[in-house]
Amino acid sequence: MPTSKQRSLPAAAGAVAAVLTLAAPSATAALDGPEQKASAVTAVPSAVTEVPAGAAGAAGSAYVETRLFFGTERPGGGPDVTDEQFMAFVDRSVTPGFPDGLTVQDGRGQWRDANGTIEKERSYELTLLYPASQARSRGPLIERIREAYRAAYGQESVARLDEPTLADF
């Protein structure tokens with residue numbers, strides 16, 4: 001006959017699996033290139049503004065984490081966007097709408113362009129964190145940031161990823 005300890009291990013494992021399944025992150029992403037133009041995200045879906053399931057015991061308030069991915073190579077072989085140019089863009093186009101803070105990380109990425117060619121390039125990942133209650137009002141502002149970068153640096157797209165999260169400061 002199994003001991004009490006032996007019976008509780010499978011039960012605990014099942015509970016952990018249930019929590020992990022229920023708390024799996026959900027995300028909304030948008031690539032707004034020529035073929036995706038019609039599906040641009042201008043309003044954040046309600047799933048992004050909801051607190052992740054199973055997070056009731058976690059610390060923090062409901063927030064949305066938006067990550068934007070900026071390429072640096074220019075179509076037609078023009079010079080790459082420099083660090084100075086990108087940070088000036090952030091100061092001019094992002095900071096006024098998100099003065100409480102943001103994070104910029106250097107990256108390397110690849111993607112398939114409109115002609116089907118896989119492009120590899122240096123990139124930047126910009127992370128914005130804001131209260132979930134502001135998601136609908138911040139959506140159009142984020143879209144303006146994406147469009148400003150595309151226009152300024154001749155980019156086909158700026159990828160966007162939105163995820164609900166909890167944050168505590």
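Note that these values count all heavy atoms, side chains included, but never hydrogens, waters or copies made by symmetry.
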Open item on the list: Would Val158 and Ile145 count as a side-chain contact (heavy atoms from CB on, under 4.5 Å) here? Give the steps.
Closed with: CA-CA 9 Å; Val158 171; Ile145 293 167; over 6 Å; no
Open item on the list: Just so I know, are the side chains of Thr165 and Val64 near enough to count as touching, which here means a heavy-atom distance under 4.5 Å?
Closed with: no
Task: Straight-line distance of Leu128 CG to Thr66 OG1, nearest 0.5 Å - done: 6.0 Å
Task: Arg146 side chain reached by Arg144 side chain, heavy atoms, under 4.5 Å - done: no
Open item on the list: Pair Leu141, Phe98 - check side-chain contact (heavy atoms from CB on, under 4.5 Å), show working.
Closed with: CA-CA 10 Å; Leu141 174 60; Phe98 295 89; 3.6 Å; yes
TODO: Salt-bridge test for Glu73 and Lys120: reply yes if a basic N is under 4.0 Å from a carboxylate O, no otherwise.
DONE: no
Open item on the list: In the structure I gave you, are the side-chain heavy atoms of Thr127 and Glu65 within less than 4.5 Å of one another anywhere?
Closed with: yes
Open item on the list: I'd like to check Glu125 versus Phe70 (side-chain heavy atoms, cut-off strictly below 4.5 Å). Are they in contact?
Closed with: no
TODO: For residues Tyr130 and Ala135, report the shortest heavy-atom separation together with the two atoms involved.
DONE: CE1-CA, 3.8 Å
TODO: Examine distances only and state if a side-chain atom of Arg138 and a backbone atom of Gly97 form a donor-acceptor pair shorter than 3.5 Å.
DONE: yes
TODO: For residues 150-169, pull every pair meeting ring-ring contact (aromatic ring centres under 6.0 Å, His included), keeping only residues two or more places apart or in separate chains.
DONE: Tyr63-Phe169, Tyr149-Tyr153
Open item on the list: Between Leu161 and Phe69, is there a side-chain heavy-atom distance shorter than 4.5 Å?
Closed with: yes
Open item on the list: Taking the basic N atoms (NZ, or NE/NH1/NH2) and the acidic carboxylate oxygens, is any pair closer than 4.0 Å for Arg122 and Asp83?
Closed with: yes
Open item on the list: Restricting to non-hydrogen atoms, name the atom on Pro96 and the atom on Asp91 that form the minimum distance, rounded to 0.1 Å.
Closed with: CD-O, 3.4 Å
Task: Beyond-backbone contact of Asp113 with Ile118, side-chain heavy atoms, under 4.5 angstrom - done: no
Open item on the list: Test your reading of the model: is there a side-chain donor-acceptor pair from Glu121 to the backbone of Thr72, 3.5 Å cut-off?
Closed with: yes
Open item on the list: In the structure I gave you, are the side-chain heavy atoms of Arg112 and Thr117 within less than 4.5 Å of one another anywhere?
Closed with: no
Open item on the list: Using the side-chain hydrogen bond (donor to acceptor under 3.5 Å, both in side chains) criterion, which residues pair with Asp80? Sequence neighbours excluded.
Closed with: none
Open item on the list: What I'd like to find out is whether the side chain of Leu129 reaches to under 4.5 Å of the side chain of Thr103, using heavy atoms alone.
Closed with: no
- [ ] Show your working on side-chain contact (heavy atoms from CB on, under 4.5 Å) between Arg67 and Leu126 and close with a plain yes or no.
- [x] CA-CA 5 Å; Arg67 293 186 293 161; Leu126 174 71; over 6 Å; no
TODO: Check whether any side-chain N or O of Ser137 sits under 3.5 Å from a backbone N or O of Gln134 as a donor-acceptor pair, and report yes or no.
DONE: yes
Task: Non-hydrogen atoms of Ser123 and Arg108 that approach each other most closely - done: OG-N, 3.8 Å
Open item on the list: When you measure from the side chain of Arg160 to the backbone of Leu68, do you find a donor-acceptor pair of N or O atoms at a distance under 3.5 Å?
Closed with: no
